[in-house]
Asker: 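Before I ask anything, let me first share the structure, which is written out below as structure tokens.
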Amino acid sequence: MIMLKRMNPTLAAFVLILIIGAGASAEEGMYPMNELGTLDLEAAGLEIEPVAIYNPDGLGLVDGICKMGGCTGSFVSDQGLILTNHHCAFRAISDASTAGHDYLAEGFSARTGADEFPALGYTVRITESYRDVSAEVLGAVTAKMTPLERTQAIEKKMKEISLAEEKKRPGKRAEVNEMFIGKSYVLFIYTYLKDVRLVYAPPKAIGNFGGETDNWIWPRHSGDFSFMRAYVGPDGEPAEYSADNVPYRPEVVLKVSGAGVDDGDFVFIFGYPGSTYRHRTAAFLEYLTGTYMPFTVDWYGWQIDHLENLAPGDRDRQLALAARVKGLHNTFKNYRGKLQGVDRLDLLAKKRAEEGRLQEFIEADPDRRERYGEVLASLDEYYRERSADIPSELWLRYMLRSPRIMSAALTVWENAQEKGKPEMERERAYMDRNIDQTINRLKVIADNFDAEADRLIMTDLLLRAGDLEEWADMEVLDGLTGLDGVEAAGNYLGGMFADTDLMQQEYLLKAMEMSPTELEELQDPFLELAAALYGPWVSEREEDKSRKGELDQLQAALVDVRQEFLGTDFVPDANGTLRFTYGSIEGYSPQDAVWKTPLTSVRGIMEKDTGVAPFAVPELMKELIAAEDFGTFASDDLGGVPVNILYSTDTTGGNSGSPVFNATGEIVGLNFDRSWEATINDFAWDHSYSRSIGVDIRYVLWVTWKIGGAERLLAEMGVAPDVVKSEPGPDADQQ
Ligand code: ASP
């Protein structure tokens, strides 16, 4: 359950016995790249030198991947072609679609470079280098500081380091990330590309086959992949979208293998896993699973019920809402999986028991008792207080974020407050270096705005506020919460919507230029509501920073004493930075007497076909399967093209789109999900149930070629030249 790095010998022997006993090479740990040297990867099955993966003094395979928003992508051609998930490109695909050209339903295939569709708001980061800056960051803290001052000093120092670095290296992006809470910080330097385009996406009936029924479930048959492309200015430098831009030339191009994998094969993955919480206490888990997650599940479930079928027969509105509904579903189901997992594993009791032993260890030594005696009790107290506040905190957050019109109004209002401040004192979204992204986000909101959806959401939130003491008679809401029932609230809001122009993109962008007084003069009802809630919002944020200052010190002390107790160092929790994990293609047993094997094939697609979404197999695919027209991509064992693969790596959200490599460093799959039991991974990984799910690369190639007719992409990747006739890449169209 813990992430062991350098173990004491007895513990190491014990873990080794467990691993050997299990007959597998998987291990918990999302390792930062500089930890690779501590792993015996050769024994695990790696057939190349670790330095070929990560080379601090030169290039390695890691230089062939990128971070795309919350996902990972791989450069698979020297023309900036990126392989990632369908669900990662989902918003770009739905943005490109209209009722007349429904690429989400039919698939998107750019015939030439000029047809590739600009994906507004998408960016690409390629990690160039990183270094530990903990001493510098923590040097900004003094013993006399209050918790709030501590957080502010750390934040300011992190920004200063980033800005100083960006000044030295124009065109690069520098970010400082917290690795262990309150304890260690690393500066990452990225190449940062802002022109990203959609190249190929299969129809949703393939890219999201099985939909929410199959999401987070094995066995799976989803073609969750798509291709995008990064562009730069004609001078090779990062640039905003322009028709004159040219494909980016990555330093490392990853090799796609047509050969595939088998049960038992060693695999490894790297990418940008988002967040895990394995170093947190039982009290944190209680807070999350007792209040935060149930509240969110309830609220997301409500939104799904109301938004999913909001616009029957109106395809344009459905497209505008599609990415949002998909996101809600994904979190909704993931949280339910986690809540079930916590019960199934009796995780709280196990954590409490471990903490009991830790407390005994602390008490056994006077010096330790002096330093750490109160840590666990203080963390308990901290989360108890947080739990009590959660419903009203979340209400405010959801009120200002879930209705898109409120999210836009808050951004405009906050921007007006922030832009007068010196760069270093502004909230991140409003710093000069981030403001373009913030504006792009507003454009996306305006493009996909649906007044009825927002009105429904706000109606429900206003009625919910009546049950929350803090908000029930809040003066700033000006009687809004006293409204009597759905109809009254709906009518009131209807008046507000009739009185606003905020969702017109031009107006919205003009408002971003205005001062608070100019905004007040607009008398826009949503800006007024955002302004009224802004005070509580800022107090909440300050309160959060103050709590973080307190939490940082407790969490840092906890990691120190646990390391002493267990005689080991840990791998830091995932935090959106580059990490490595390895394991093997293997099945698992989710229940008594059930063993799930690790490869699915097109046979399973036909078995699931009902003719009705999300299990409606496209006609062309049925014909190809019936004719066994598999090119070179079929597996003899499976009797058809393999579709999805299951493996025992340690991944989480953000690893979506990560390449899955074989022992020689060739891409054999594309990570996109985890099994139901592995949704609990974010709190506790275990070899018996932790499985990640990927698309077999043979299915990616087969679909792109046979369904998408995009042989040119296979040729561009240098795959199977004997079966695919070669065609020019996008350069030919650009010049
Ligand atoms: N499908 C997942 C996601 O939503 C990937 C994962 O969490 O393993 O990001």
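Counting starts at 1 for both ligands and their atoms, in listed order. Source: prediction; values computed, not measured.
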Asker: Heavy-atom contact under 4.0 Å between Asn655 and ligand 1?
Answerer: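 It does not; every heavy atom stays at 4.0 Å or beyond.
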Asker: Going by the order shown, which atoms of ligand 1 are within less than 4.0 Å of some heavy atom of Asp673?
Answerer: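 Taking each heavy atom of Asp673 in turn, ligand 1 has 1 (N), 2 (C), 5 (C), 8 (O) under 4.0 Å.
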Asker: Under 30°, 30 to 60°, or over 60°: which ring-plane class applies to Phe295 and Tyr398, parallel, tilted or perpendicular?
Answerer: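 Parallel, since the angle between the ring planes stays under 30°.
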Asker: Using a 4.0 Å cut-off to any heavy atom of Asn330, which atoms of ligand 1 qualify?
Answerer: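 Contacts of ligand 1 toward Asn330, numbered from 1: 3 (C), 4 (O).
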Asker: Given Ser692, which partner from the list Asn681, Thr652, Asp673, Thr651 fulfils the side chain to side chain donor-acceptor pair (under 3.5 Å) test?
Answerer: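 Considering Asn681, Thr652, Asp673, Thr651, a side chain to side chain donor-acceptor pair (under 3.5 Å) with Ser692 is found only for Thr651.
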Asker: Taking the six-membered ring for Trp, are the ring centroids of Phe108 and Tyr103 within less than 6.0 Å of each other?
Answerer: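 Yes, ring centres under 6.0 Å apart.
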Asker: Please step through salt bridge (charged side-chain N to carboxylate O under 4.0 Å, His left out) for the pair Lys608 and Asp214, ending with a clear verdict.
Answerer: CA-CA 11 Å; Lys608 283 183 177 172; Asp214 271 9; 2.7 Å; yes
Asker: Considering non-hydrogen atoms of the protein only, which is the closest contact for atom 1 (N) of ligand 1, and what is the distance?
Answerer: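 Here the closest protein heavy atom is Phe672 O, 2.7 Å.
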Asker: Could you work out, for atom 3 (C) of ligand 1, the closest of Gly327, Ser658, Ser656 by heavy-atom distance?
Answerer: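 Shortest heavy-atom distance from atom 3 (C) of ligand 1: Ser656.
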Asker: Starting from atom 7 (O) of ligand 1, which protein heavy atom do you reach first, and at what distance in Å?
Answerer: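 Ranking protein heavy atoms by distance from atom 7 (O) of ligand 1, first comes Arg674 NH2, 2.7 Å.
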Asker: Tell me the contacting part of Trp216 for ligand 1: side chain, backbone, both, or neither, using a 4.0 Å heavy-atom threshold, strictly below.
Answerer: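 For Trp216, only side-chain atoms sit under 4.0 Å from ligand 1.
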Asker: Counting only heavy atoms, which portion of Thr652 has something under 4.0 Å from ligand 1: side chain, backbone, both, or neither?
Answerer: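 Backbone only.
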Asker: May I ask you to establish whether Arg344 and Tyr689 are in a cation-pi arrangement, using a distance under 6.0 Å from NZ or CZ to the six-membered ring centre and at most 45° from the ring axis?
Answerer: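 That pair qualifies as a cation-pi contact.
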Asker: Is the ring centre of Phe580 less than 6.0 Å from the ring centre of Tyr54?
Answerer: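 That pair fails the under 6.0 Å test.
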